[in-house]
Amino acid sequence: MSGGEVSPKPGTDFIRQIVAEDTESGRYGGRVVTRFPPEPNGYMHIGHAKSVCLNFGVAREFGGVCHLRYDDTNPEGESEAFVLGFQEDIRWLGFDWGDHLYFASDYFERMYDCAVILIEKGLAYVDSESEQQIREGRGTVTEAGTPGRYRERSVDENVDLFRRMRDGEFEGGAHVLRAKIDLESSNMLMRDPVLYRIRHASHYRHGDDWCIYPMYDYAHCLEDAFEDVTHSICTLEFENNRELYDWVLENVGFEEPRSHQYEFARLDLQHAVLSKRKIIPLVEAGIVTGWDDPRLSTVRGIRRRGVPPEALRLFCEMIGVAKAHSVVDIGKLEYAIREVLNQSAPRVMAVLDPIRIVLTDYPDGETEEFDAPYFPHDVPREGTRPVPFSNELFIECADFSENPPSGFRRLVPGGEVRLRYAYVIRCEKVVRDEAGRLVELHCTHDSDSRGGKTVDGRRVKGTIQWVSADHALTAEIRLYDHLFGEVPENDAPENQEIVARVNPNSLVVLVGAKVEPSIRADSPDTRYQFERTGYFWRDPVDGLGDKLVFNRIVSLKDTWRSSKTKSDPDLRRGKAGSENVGNNAIKVEKPAVSESRDAARAAAPELAARFERYSSDLGLTLEQADLLTASLEVSDFFEKALAVHDHPAEVASWLTTDLRGLLGARRLGDLPFEGEDLGHLVALVAADRLSRRAGKDVLARMAREGGNPEQLVVEMGLEKVADVTVLEGVIEEALNAWPEKVAEYQAGKTGLIGMFVGEVMKMTKGAADPKKVRKLLVQRLNG
RNA sequence: UGGCCCGUGGUCUAAUGGCAGGACACCGGUCUUUGGAACCGGCGGUGGUGGUUCGAAUCCACCCGGGCCAACCA
């Protein structure tokens, strides 16, 4: 694929699109500042790695910087060791924060000052209710909260109390500082969120300097603002927090262009646990050897396993960045690892589960050497090593079979197989002990096949790896498998269970493996491919001394074995027959009116009356009448438009479909134009002054910056082009630009008509009459 | 249940009103001294129903499904 250098496409995910737009529009004067903000209370895992690749990647691509900032606002569980851990892991992954290393706890003084600003503005107060009372006062998702008895304390009292909280006058829990926002907000986070709590705990970095600590929602946005972060990228579960993020920044006094938060879907991986909440019990129960256990999806675990950082980066690019929750197939990670290692790992021979071969026709005590290349023909890298050969060898037990399945092409009694880079051998005799256990195989070799080629040209299909018994090194080999069979991240909440659910075969240790002697001379961090087996490297903790211990990084793809299992009908059936019909099973005739709008009408007789009038007198559909009487605001807007252009169906369609789509979070009242303007626009379209398509462009412009439709049509050059000769000219031009598409169309791919219409529309900036264009196009292409 | 967010082949992800594309997986083939790699080919998708439009994965409505929010965690 991408030989050696792993450099996939640049990436055009929605985050990068936003950053690109902001860069082009000069919103931040071209600056791009992102940040990776871990809390130092655990080690980095592969989910963090995705975020690191995103944040540092975006900064790198747009010529910006990415800050490493520790979000150490809660003294419990945070420590220097974790701080160092993140730095180690980020560097290993290949990213660099330069001088931009920050700690949220270093901002405590400034944050305190900001809180005083809020208090003085009457936007924050000290609440002395108990935790329980505060919780109750917040209400539920369906019931509004109720103000507590301290909500209306005076500014002076709040300032004084807050200072005394800081000075340590109170016990933990005695008071908190709360924002005064809206106890009835539909967003629970806006119901007077706690900003500061008292914690008489030692901070790993600031000791006992502070006994009040800021909460995430208050602290994080300030940290971003202090550092002039432009794009604060976090995961989806913080979507609801964005409103509070904006509130704090605006009310403390940060003005545009200020920091803004964007959310993406975090990584979820099949067969893996990614949260520290779930890793900790595994570590504590001794199921894994520590945070760096090679079966864990921590970056330390992945690193110890032997995965190169390039592979992790490639993986992160492969999975992309989006807003839809997803669970990534672990096979993708494995692919990325193989992709990188195939290009870089030298091949050597090892036998994991050995069986002895005695060459009866090879002189006892004699040794010869084969010069074996480190890389296969299709990997453009040089190098060979000598591999000793003698009359006693080991081969993989699985490479011999007395009852071979069809298609088996390794060693069988009486059959031949090639020993890689050495000789073709034939199995003459199977030796067993009294108990019937396999002891060794007696074989003969074809002395003319030195190097592996037969002189008579006979085909020997199988080639297997081997090591000379006398020269072999004995090694321990650790084979890793998924820690979990299913997807624990999704179900089973209890910690107890997670320990019980681990795959008992997630680690298999082989102590008698045999490896060719050449590896003794290699650097201990060499990643090898053990031919036909997988990628391995020496365990950096247990396997670096005289003792050889290898970790399997990932196995080789095995199409033989998978093609075997596929013929098994039980393993084959993908998903069961009964497909869920889900949504379309039973369909009730839907009432085209919504409950909330129904309620609005019930509360306002005027609206109810208009609803009746719209649907009967004006002849609108129920759906349109419903939408137009959601509120007086909408209805009035509609009637103003009607006053200008009295065609209810046309106006309703523009208002309920096109304009609604442009509104976004805004309401009609926020628009820089009035109902009359919409009426004018619709009238222009009705009068054939511009195409409906062009009308939408005008409407979009109006929604952005207001303006008179008549003027805009002229200004934007959208006066309808319906003149046949003009259109034919443009059509000719379009067809000439796409000769191969024309051929495809005429060959039967008539769906391309849309593309041609689109091209013509583009060339006329939307001014052409699409109906005419289509008609002319069909005539022209068919005739 | 109120609010917010999200539904594109088995999986991940593009298409920003105009040809539904890529990757992984899977299946077949070529080649091969790794049952690896590479190469060639194939299977397979817009949750549903209406609406707007010359044209809808994309805009509108309703429905279905999933996620997040009621810590003095982040």
Side-chain angles (χ1 to χ4, degrees), chain A residues 1 9 12-13 17 39 41 71 73-74 76 131 134-135 138-143 145 172-173 176 185-189 191 194 196-199 215-216 220 236-241 243 263 265 270 318-320 322-329 331-332 335 338 342 347 376-379 409 418 420-421 451-453 460 462-465 529 531-533 556-561 563 566 574-575 582-584 587-588 590-594 621 623 626-627 653 656-658 660-662 692-693 696 741 744 749 751-759 761-762 769-775:
Chain A
M1 210 178 179
K9 53 166 208 303
T12 50
D13 52 79
Q17 284 179 30
E39 184 187 12
N41 68 348
D71 211 1
T73 56
N74 183 354
E76 287 165 12
E131 198 174 334
I134 288 175
R135 206 193 328 268
R138 194 143 33 214
T140 68
V141 288
T142 51
E143 298 161 62
V176 292
S185 172
S186 55
N187 182 351
M188 297 297 293
L189 288 163
R191 320 246 266 225
V194 171
Y196 271 91
R197 76 284 214 189
I198 298 171
R199 275 265 197 293
M215 301 290 292
Y216 169 84
H220 201 94
L236 247 30
E237 62 269 30
F238 292 99
E239 271 172 330
N240 296 322
N241 302 60
E243 191 179 356
E263 311 88 16
Q270 217 139 35
M318 282 173 65
I319 59 177
K323 289 194 79 160
H325 297 96
S326 58
V327 182
V328 176
D329 187 338
K332 237 170 203 151
Y335 169 85
R338 292 188 186 112
N342 178 46
R347 274 62 168 175
H377 60 93
D378 52 358
V379 174
R409 24 193 251 221
R418 174 168 33 243
R420 182 143 229 225
Y421 302 128
K453 278 196 234 352
V460 177
T463 301
I464 61 176
Q465 78 277 21
Q529 184 193 107
E531 296 228 27
R532 304 205 316 127
T533 304
L556 246 36
K557 230 170 83 180
D558 188 350
T559 52
W560 164 245
R561 190 170 51 193
S563 75
K566 116 192 146 200
K575 44 182 183 185
N583 7 19
N584 47 17
K587 208 60 293 143
V588 192
K590 47 101 193 283
V593 297
S594 91
T621 64
E623 181 182 321
D626 175 43
L627 288 168
S653 150
T656 57
T657 307
D658 304 274
R660 257 178 105 89
L662 292 167
R692 201 182 195 287
R693 163 62 179 270
K696 291 184 70 167
K741 293 294 180 189
E744 280 180 48
K749 195 174 174 186
L752 284 171
I753 191 72
M755 176 253 174
F756 290 122
V757 175
E759 285 304 307
M761 295 305 288
K762 249 184 263 172
D769 177 349
K771 281 185 214 167
K772 276 211 172 86
V773 170
R774 175 178 288 250
K775 215 174 108 202

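Sequence lines set the chain letters: A, B, ... in the order given, protein chains first and strands last, and positions in each chain run from 1.
The ring-ring contact (aromatic ring centres under 6.0 Å, His included) test applied to A:Tyr421 returns no partner, not counting sequence neighbours. For A:Thr463, the side chain to side chain donor-acceptor pair (under 3.5 Å) partners are A:Arg418, not counting sequence neighbours. Not counting sequence neighbours, the partners of A:Glu531 by the salt bridge (Lys or Arg N to Asp or Glu O under 4.0 Å) test are A:Arg420. Scored by the side-chain contact (heavy atoms from CB on, under 4.5 Å) test, A:Ser186 finds no partners at all (sequence neighbours excluded). The side chain to side chain donor-acceptor pair (under 3.5 Å) search around A:Arg532 returns A:Asp399, A:Gln465, not counting sequence neighbours. Taking the salt bridge (Lys or Arg N to Asp or Glu O under 4.0 Å) definition, one finds that A:Asp329 meets it with nothing, sequence neighbours left out. Taking the side-chain contact (heavy atoms from CB on, under 4.5 Å) definition, one finds that A:Glu76 meets it with A:Asn74, A:Arg199, sequence neighbours left out. Among residues two or more places apart in sequence or in another chain, the side-chain contact (heavy atoms from CB on, under 4.5 Å) test is passed with A:Asn187 by A:Ser185, A:Leu189, A:Met190, A:Asn240, A:Glu243. Residues forming a side chain to side chain donor-acceptor pair (under 3.5 Å) with A:Glu263 (at least two apart in sequence, or on another chain): A:Arg242, A:Gln261.
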Can you give me the N/O atom pairs linking the protein to nucleotides 56-58 of chain B at distances under 3.5 Å, or say none if there are none?
none

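Within 4.0 Å (heavy atoms only), A:Lys741 reaches at least one base atom of the nucleic acid.
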(request) Going 5' to 3' through nucleotides 69-74 of chain B, assign each nucleotide B (protein heavy atom under 4.0 Å from a base atom), S (under 4.0 Å only from sugar-phosphate atoms) or - (no protein heavy atom that close). (result) SBSBSB
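Proximity of A:Lys762 to the phosphate of B:G18: no side-chain N or O atom is located under 4.0 Å from OP1 or OP2.
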(message) Once pairs are restricted to Watson-Crick or G-U wobble with both distances under 3.5 Å, how does RNA chain B read as a dot-bracket string, [ ] for crossings and | for other-strand pairs?
(response) .((((((..((((....[..)))).(((((.......)))))....(((((..]....))))))))))).....
